[in-house]
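Just the heavy atoms: all of them, side chains too, but no hydrogens, waters or symmetry mates, feed the values below. All chains are named by letter (A, B, ...) in the order of the sequence lines, taking the proteins before the strands, and each is independently numbered beginning at 1.
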There are 2 protein chains.
Amino acid sequence: MSCETDTIETIRNSDQRMTPQRLLLLSAIRHSGEHVTINQIHDQVKQAYPFINVSTIYRNVSILKELRLISETYKTDGEILYEWIGGHAHLHMMCRNCNEMIEIDDKYLDSLKQDIKKDFGFNIDIDHLAISGLCDQCKKLEQVGYDD
Amino acid sequence: MSCETDTIETIRNSDQRMTPQRLLLLSAIRHSGEHVTINQIHDQVKQAYPFINVSTIYRNVSILKELRLISETYKTDGEILYEWIGGHAHLHMMCRNCNEMIEIDDKYLDSLKQDIKKDFGFNIDIDHLAISGLCDQCKKLEQVGYDD
DNA sequence: GTTGCACCTGCAATTTTTTGCAATAAATAC
DNA sequence: GTATTTATTGCAAAAAATTGCAGGTGCAAC
C-alpha cells in the first residue's frame with residue numbers, strides 16, 4: 001500500500017501521469033517474480049487489458065527506469081531483465097557457459113564502492129549490472145578439458 | 001604481428017575460417033580506437049569493402065565475442081560497445097546523468113573477485129560491464145538541487 | 001463540474017537486429 | 001594443382017525495437 005502511494009507520488013512529482021496502463025504495468029513488474037522481460041510484462045498486462053501495445057510497454061519501462069523505480073539488468077546473453085527496486089539490492093552474476101544466474105548481496109560491493117568513491121569521486125549504483133564469469137562447475141569442467 | 005597470428009590461430013582452432021571480411025572487421029575493431037559500435041565497425045569496413053552486409057558484422061561480432069577476442073559492453077544508455085581484448089583490462093563506469101564514461105583499472109576488482117570466488121566459487125570476468133552511477137560533478141549538482 | 005494543457009496511448013511507419021537460404025569460398029586431403 | 005567438405009557470405013525476409021502523430025485522457029485550476 002505505502003509503496004504504491006510512494007510510486008504514484010514519484011510519478012506525479014515528475015510531471016507524469018498515472019494511467020490505467022501504467023498501473024497495470026507497475027503491478028505486473030511487482031508481482032511477476034523477481035526478473036521479467038519486456039515480453040513477459042506485455043503478456044501479463046494483456047491478460048487484464050488485451051489492447052495494450054508493446055510500444056506502451058517499452059515507453060513506460062523506459063520512464064520507470066529513469067525514475068529509478070525499476071532496474072534494468074543486461075544478462076550476458078543479451079536478454080534484458082526488469083525488476084522492481086525497493087526490495088533488497090543485489091548483484092547478478094551470470095555464468096557465461098551455462099547461463100546460470102546467481103544473486104549476491106550487495107554488501108560485497110561495499111569495498112569497491114568506497115575505493116572508487118575515494119579515488120574517482122564516482123558513486124556506484126548497486127543495481128543494473130549482471131557480472132559475467134564462470135560458475136564453479138563450469139570452471140572445473142574447463143580445467144579438466146570437457147569444455148566446448 | 002604476433003597478436004594477429006594469435007588471433008588467426010584462435011579462430012582456426014575453433015573450426016572457423018579467416019575470411020577477408022572477418023579480417024577487415026578485426027582490423028576495424030583493433031584500430032578504430034577503444035570502443036566502437038556495430039555501425040562504426042560497419043562504416044569502417046565499408047571503406048575497404050563497400051559490399052559488406054550489416055548481418056555479416058552482427059554475426060562476426062557475435063562469434064568474436066564468444067571466442068573472447070573482443071569484449072561487449074552495455075552502456076547504461078543502451079548503446080553497445082565493442083572493444084579489442086588484449087590491451088589492459090579495465091572497468092567502465094558510466095554516469096547515469098551526463099553519460100560520461102570513466103575507465104578504471106581492473107585492480108580495483110581484485111578484492112571483490114577474491115571474495116566472490118571464496119564464497120560462491122564464481123569466477124568474475126573483468127570485462128563486459130559498464131557500471132552505472134553518478135560522477136562527482138553530477139552528484140554535487142544533485143545535492144545542491146540543480147538536478148533534473 | 002468544466003476547461004485547458006501537456007502527457008499518454010494505439011496505430012502505423014521506420015529503424016534496427018536476426019534469421020533462412022542458395023551461392024561462394026576457405027581449409028584440408030589428395 | 002583439383003576435389004571435397006563445410007563454414008561463411010549477401011541478399012531478402014522476418015522479427016524486434018523505436019518513433020511520429022493524431023486523438024484521448026489525467027489532473028490541476030477554476
B:T56 vs D:dG10: side-chain N/O to OP1/OP2 distance below 4.0 Å: yes
All salt bridge (charged side-chain N to carboxylate O under 4.0 Å, His left out) counterparts of A:D110, not counting sequence neighbours: none
Salt bridge (charged side-chain N to carboxylate O under 4.0 Å, His left out) partners of A:K107, counting only residues at least two apart: none
B:E103 CD: over 12 foreign heavy atoms closer than 6.0 Å: yes
Helical bend (five base pairs per end, nearest 10°) for the helix from C:dG1-D:dC30 to C:dC30-D:dG1: 40°
Base-contact (B) and sugar-phosphate-only (S) positions in nucleotides 15-22 of chain D, heavy-atom cut-off under 4.0 Å, - elsewhere: --SBBBB-
Residues which pass ring pair (Phe, Tyr, Trp, His ring centres under 6.0 Å) with B:Y108, listed by chain and number, not counting sequence neighbours: A:F120
Non-hydrogen atoms of B:H42 and B:I52 that approach each other most closely: NE2-O, 3.2 Å
Listed partners of A:Y49 passing ring pair (Phe, Tyr, Trp, His ring centres under 6.0 Å), at least two apart: A:F51
Co-members of B:M101 in a cluster of I, L, V, M, F, W and Y side chains, linked at under 4.5 Å: B:L81, B:M94
Set of residues satisfying salt bridge (charged side-chain N to carboxylate O under 4.0 Å, His left out) with respect to B:D105, sequence neighbours excluded: none
Which residues share a salt bridge (charged side-chain N to carboxylate O under 4.0 Å, His left out) with B:D136, sequence neighbours left out: B:K140
B:L26, B:L64, B:L67 screened by side-chain contact (heavy atoms from CB on, under 4.5 Å) with B:T7, the one that passes: B:L26
Short side-chain donor-acceptor distance under 3.5 Å, A:S55 and A:N53: yes
Residue-level proximity of residues 12-25 of chain A to DNA chain D when a heavy atom falls under 4.0 Å: A:R12, A:R17, A:M18
Bounds of contact between DNA chain C and chain A, in 5' to 3' order, using a heavy-atom cut-off under 4.0 Å: C:dA6 to C:dC11
Residues that B:Q21 engages under side-chain hydrogen bond (donor to acceptor under 3.5 Å, both in side chains), provided they are two or more places apart: none
